[in-house]
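So you know, we letter chains A, B, ... as the sequences are listed, proteins then strands, and number each from 1.
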Amino acid sequence: MISAESVVEAMQSILATLIPRFEWALAAAFGSELTPGAPLVAIASNPKFGDYQSNVALPLAKSLAQPPRVVAEQILEHLQVDDLCLPPSIAGPGFINLTLQPTFLASQIQQIQASPRLGIDPVADPQRIVIDFSSPNIAKEMHVGHLRSTIIGDCIARILEFQGHDVLRLNHVGDWGTQFGMLITYLSEAYPTALTTSEALELGDLVAFYKQAKQRFDTDEAFQMRSRQAVVQLQQGDPKATQAWQLLCGQSRREFAKIYDDLEIKLTERGESFYNLLLADVVSDLDKAGLLATDQGAKCVFLEGFINKQGNPQPLIVQKSDGGYNYATTDLAALRHRITQEAAQRIIYVTDAGQANHFAQVFQVAERAGWIPEAVQVVHVPFGLVQGEDGKKLKTRSGETIRLRDLLQEAVAHAQADVKTRVAKENRTESSDFIANISQVIGLGAVKYADLSQNRTSNYVFSYDKMLALQGNTAPYLIYAYVRVQGISRKGNINFADLGEALTLSLEEPSELVLAKHLLQLQEVLNEIATDLLPNRLCQYLFELSQKFNQFYGQCPVLQAADPTRTSRLVLADVTARTLKLGLSLLGINVLERM
RNA sequence: GCGCUCGUAGCUCAGCGGAUAGAGCAGUUGCCUUCUAAGCAAUUGGUCGCAGGUUCGAUCCCUGCCGAGCGCGCCA
């Protein structure tokens, strides 16, 4: 039988505590072999029904041939939850509603407050997880298209790292392939010093050359031939080509680093070139597996379930007719490397939804070749387009791609304008460092939050005005809630770390109870996100937390209250602030002490 | 033509097979001698694209249709 001790000993989510209670009650009431047909417990769909609810009685009614309310009554007869809940009730057709006891809430909040990790222990079974994200192309500037992958990938990595997993963040940069043949061929004609002298080119120049090279490639057949030849040379390790390539990569890398530094994102660069020596084996091993075919001079695997425009099975090309390899080959090589060399148990690809087919095809081929062991999960995490307000792919007014650098700078500039207006309106004097710091944190936080707070699968309309609006479901609103708590500690000279250990909390006001209950749900939310990889759920949680805190703040004076209420409220405020800080940090967003 | 994703309030979006579908913004109305009003409270606003089906129960799952976006042989 499950005892109450298990709850108190190891802090675990309320759901994780309640589920075995229901399992036990069901087994006791009806025997252990029945299948519930619904989740045993869930967070209540509406606060007026309580805090948690169980709907199992409804699906069970049929198989047990009893009215659902009768089934619910039998479950309640065996359900032991009096250590954490008020007496459960049956409502409507047979819902079981549970409400947490204030004293239980208080003890849980107290445990969270005493814990540096807010009561969330690392997972018992840490996994080796590879996350492939950001992945800009060398010789091109990072642009809006890289924003979502970079931000979403970083957020997923932070959450899994916090849970205690061993995460390898890989930047699969485009540092190989046709584009380099193109660029090297073009530069050797137009600007040969760039291929032999480091820092001969700014990244901006490189981008301009890239465009010219691309145009030649698309219109000049002879140039195209020479470019393809150059790729093959590079892939065969020709020293001159290799040197030129390294210079180009170095140039781009320095530019990327500035953006990653600003965004505080850490990545291990392991570009396509890394897998060069493994490509030939991919093709020969596919051959050995009996999957390889040759079609129009290209080596390929014909896919199951993919039909081309002519109605024929579609191939995945792994070696082009000119002998070169392409991104499918590289992705297959990378996949194998991550499984065999990195011992990855879970491999996550954060790229735009447009690549869904590509990954489905690569995964299929790897699967059929027997390269993906049963225990390894390989998953594409797609996200929608960044659109302009016209609903089309985002461009500048003149039709150019927006540089990520410009986008971030503009966000910070907007934030700074807002801060200055506010400081002036309140007749405050603040140092320029103070203003610069606030602008940076808010501007970058707003960009990240606007992106992460959308369900990633849908397209996302990019609007400076909406993203930088400092009201509503935005980063500044959340940061402001945090700042309000710090305001309390400054005003009252409170050191939250010194509130003492043997506190007795008393939670009575509705807004205190609502806030406390929400604080206890972080672990459940994180567990969900670790499975579904949907960061917007964390945003939703933090936004609701901020709303609930602001309601509490408006209704419950903290510093003026008498003890034990005063201390209880201080603890609630402290736990709220630390939850916000932790949650925001998992989104890659900083907090401010004052704003 | 085929595939993937999406369609929820005026706008931008949440919504995990459950009870009367929720936020934010915009609109209307209150609240600053009180821990920062970047806040709070109240209020208006819905044929969940359409039609079937599965289910005790469907915004959610299945089928068909309509509409939008993206992709579909040697770019990544």
Would you say the base of B:U20 and the side-chain of A:Lys48 have a donor-acceptor pair closer than 3.5 Å? yes

For A:Gly487, answer base if it contacts any base atom (sugar-phosphate contacts may also be present), sugar-phosphate if it contacts only those atoms, and nothing otherwise; contact means non-hydrogen atoms under 4.0 Å. sugar-phosphate

Considering only side-chain heavy atoms of A:Asn46, which listed nucleotide, B:C74, B:G22, B:A14, is closest? B:G22

base_contact_polar (B:U36 base, A:Arg422 side chain, donor-acceptor, <3.5 Å): yes

So, is A:Asn550 close to the B:C40 phosphate, meaning a side-chain N or O under 4.0 Å from OP1 or OP2? yes

A:Asn357 and A:Gln355: side chain donor to acceptor below 3.5 Å: no

Sugar-phosphate only, base, or nothing, as touched by A:Tyr477 at under 4.0 Å among non-hydrogen atoms: sugar-phosphate

If you find the nucleotide of RNA chain B closest to A:Leu385 and the one closest to A:Ile96, which residue's nucleotide is nearer the 5' end? A:Ile96

Atom CG of A:Asn308 and atom P of B:G73 are separated, to the nearest Å, by 8 Å

Can you tell me how far P of B:U36 sits from OH of A:Tyr553, to the nearest Å? 5 Å

Test for a donor-acceptor pair under 3.5 Å between the base of B:A23 and the side chain of A:Glu544, counting only N and O atoms. no

Ignoring hydrogens and angles, are the base of B:G15 and the side chain of A:Asn455 linked by a donor-acceptor pair under 3.5 Å? no

Counting the atoms with a prime plus P, OP1 and OP2 as sugar-phosphate, which does A:Gly354 contact under 4.0 Å by heavy atoms, base, sugar-phosphate, or nothing? sugar-phosphate

Return the nearest nucleotide to the side chain of A:Asn536; candidates are B:A14, B:G39, B:G71. B:A14

Count the heavy atoms belonging to other residues, nucleotides or ligands that lie under 6.0 Å from CD of A:Gln215, then report whether that count exceeds 12. no

Residue A:Glu426 excluded, over 12 heavy atoms near CD under 6.0 Å: yes

Just name whichever nucleotide pairs with B:U55, Watson-Crick or G-U, keeping both distances under 3.5 Å, else none. none

Does the distance from a Lys or Arg side-chain N to an Asp or Glu carboxylate O, for A:Asp352 and A:Arg148, drop under 4.0 Å? no

Interatomic distance where CD belongs to A:Gln555 and C1' belongs to B:C35 [whole Å]: 15 Å

Inter-residue atom distance A:Tyr210.OH - A:Asn137.CG, 0.5 Å rounding: 6.5 Å

